[in-house]
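Comments concern the structure below.
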Amino acid sequence: MLFEPRSGRLAAWGNALLAGLVSPDEAAMSIVGEDAVHRVEGMPDEAGPVGLTLALGRLRALGVTGLRVALPAPGHPLGLSGPPEFNARALEAEEAVVAVGAAVGLVPEVAEAGPAGDVHVSVTWHVLLVREAPPADVPTLSEAERELAEALREATVVLTRLDVAGSGPVAEAALSAYRARAEAGQDALAPGYPARAVRVLALAQRVDLMVSLAYESGHGGAVAASEMAARAEALRPVERVARRALVAAYNSAVEARERG
């Protein structure tokens with residue numbers, strides 16, 4: 001479940017900081033969110049891991065003017081531009097952040113410790129060299145919004161017919177948690193993002209949640225092999241569209257600045 005990728009938080013609040021719209025401490029706190037701690041390893045001119053506040057300052061000193069998100073999946077290098085080492089690390093993590101203005105990218109490594117209900121989450125962002133080139137397969141906001149609407153209409157018909165749209169206590173709990181977070185504004189983008197990006201992000205998150213619940217619900221009512229294949233066929237393009245829309249939303253602040 002992509003929902004709110006850590007790379008999205010880093011890019012959104014990093015972009016707000018680079019634009020002078022939030023303080024370094026506010027950006028760092030928003031990026032960490034509910035995690036325990038975030039550290040950055042491999043930052044140029046630093047011998048060891050450093051905190052987010054210092055790392056964001058170092059990125060600015062390197063000439064970074066913006067941060068883009070990549071959400072790659074097997075066969076779909078969404079948002080990546082190379083080289084192979086960075087692409088492989090990003091694909092393994094299923095997400096990454098690519099800097100604009102300096103040839104660096106950041107890939108998160110997540111570690112969890114502790115018993116259920118009291119899990120301590122720490123994140124290490126690994127800084128790697130990237131190729132300065134246009135990111136792969138990233139749509140504009142208008143394209144992403146149109147794709148989402150079309151894919152959601154088509155998939156809803158198929159998933160409803162196959163009884164796999166997500167039901168039961170697990171699905172209800174996930175939906176309730178999403179509504180609570182959305183109502184509290186926890187999934188809104190950082191300052192400086194256009195209203196359309198907020199709208200696209202919210203729709204992409206809802207679509208991603210629907211797809212995740214459908215995958216996690218087992219086979220639902222799709223007991224026949226043909227129905228199971230139809231479900232997979234319906235989910236695959238919708239999942240791809242949701243990831244493209246998430247990337248478009250998070251990257252929109254950079255795209256808007258580049259357009260002037």
Side-chain angles (χ1 to χ4, degrees), residues 5-32 38-72 77-91 93 95-109 123-141 144 189-194 196-197 200-201 244 246-260:
R6 289 178 173 86
S7 56
R9 293 207 307 266
L10 176 58
W13 288 95
N15 284 329
L17 173 63
L18 292 169
L21 300 175
V22 298
S23 70
D25 288 342
E26 183 181 1
M29 289 179 59
S30 299
I31 292 166
V32 172
H38 283 217
R39 305 285 286 173
V40 181
E41 187 173 272
M43 184 64 63
D45 299 324
E46 294 293 339
V50 299
L52 270 175
T53 303
L54 177 58
L56 290 169
R58 288 283 189 270
L59 289 174
R60 196 205 306 259
L62 288 173
V64 172
T65 58
L67 298 171
R68 287 192 173 104
V69 171
L71 297 176
L78 176 62
L80 298 177
S81 57
E85 179 187 357
F86 181 78
N87 286 4
R89 292 285 292 271
L91 182 58
E95 60 177 309
V97 172
V98 179
V100 177
V104 296
L106 300 93
V107 178
E109 179 183 357
V123 179
T124 300
W125 292 91
H126 296 278
V127 179
L128 302 166
L129 293 177
V130 300
R131 182 180 298 134
E132 294 185 271
D137 198 35
V138 178
T140 65
L141 272 178
L189 287 165
Y193 278 82
R196 189 174 204 172
V200 169
L201 178 67
R244 278 168 50 85
L246 285 170
V247 170
Y250 284 120
N251 293 1
S252 61
V254 173
E255 308 303 335
R257 285 202 298 272
E258 290 183 343
R259 288 196 305 268

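Nothing here was measured: the structure is a model prediction, and the numbers come from that model.
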Looking only at heavy atoms, which two atoms of [X] and [Y] are closest? And how far apart?
| X | Y | value |
| --- | --- | --- |
| G101 | E132 | C-OE2, 4.3 Å |
| P108 | W125 | CD-CZ3, 3.5 Å |
| A90 | L80 | CB-CD2, 3.8 Å |
| A249 | Y193 | O-CE2, 3.3 Å |
| A248 | P139 | CB-O, 3.4 Å |

How many angstroms lie between atom [atom1] of [X] and atom [atom2] of [Y], to the nearest 0.5 angstrom?
| X | Y | atom1 | atom2 | result |
| --- | --- | --- | --- | --- |
| I31 | L17 | CD1 | CG | 8.0 Å |
| L59 | T65 | CG | OG1 | 11.0 Å |
| R259 | T140 | CZ | OG1 | 8.5 Å |
| D137 | L71 | CG | CG | 11.5 Å |
| L67 | L56 | CG | CG | 7.5 Å |
| R6 | H38 | CZ | NE2 | 5.5 Å |

Taking [X] for its side chain and [Y] for its backbone only, find out whether a donor-acceptor pair lies under 3.5 Å.
| X | Y | value |
| --- | --- | --- |
| R68 | G79 | no |
| E95 | S7 | yes |
| S81 | R131 | yes |

- Query: Looking at side-chain heavy atoms only, is the closest gap between V100 and V64 below 4.5 Å?
  - Reply: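 They are not in contact (no side-chain heavy atoms under 4.5 Å apart), so the answer is no.
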- Message: Measuring only between side-chain heavy atoms, which start at C-beta, is P194 closer than 4.5 Å to L141?
- Response: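 Heavy-atom side-chain distance check passes, below 4.5 Å.
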- Ignoring hydrogens and angles, state whether a donor on the side chain of N15 or Y250 is under 3.5 Å from an acceptor on the partner side chain.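 No, because no side-chain N or O of N15 sits under 3.5 Å from a partner of the opposite role on Y250.
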- Query: Only one of L10, V98, N251, L78 clears side chain to side chain contact (heavy atoms under 4.5 Å, CB included) with V69; which?
  - Reply: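 Going through the options one by one, the only one that passes is N251.
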- R89: partners by salt bridge (Lys or Arg N to Asp or Glu O under 4.0 Å), with sequence neighbours left out: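 Not a single residue meets the salt bridge (Lys or Arg N to Asp or Glu O under 4.0 Å) criterion with R89.
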- Query: Yes or no on side-chain contact (heavy atoms from CB on, under 4.5 Å) for V107 and F86, after CA distance, side-chain angles and deciding distance?
  - Reply: CA-CA 8 Å; V107 178; F86 181 78; 3.5 Å; yes
- Lys/Arg-Asp/Glu bridge criterion (N-O < 4.0 Å) met for D45, R58: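 Looking at D45 and R58, the cut-off is not met.
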- Query: Can R196 and E255 be counted as an ion pair, charged N to O under 4.0 angstrom?
  - Reply: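 E255 and R196: not salt-bridged.
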Under 3.5 Å, which donor-acceptor pairs link side chains of residues 22-29 to any protein atom two or more places apart or in another chain?
residue, atom, partner, partner atom, Å
S23, OG, E26, N, 3.1

- Take atom CD of E85 as the centre, draw a 6.0 Å sphere, and report whether it contains more than 12 heavy atoms from other residues, nucleotides or ligands.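 No - once you tally the heavy atoms of other residues, nucleotides and ligands closer than 6.0 Å, there are 12 at most.
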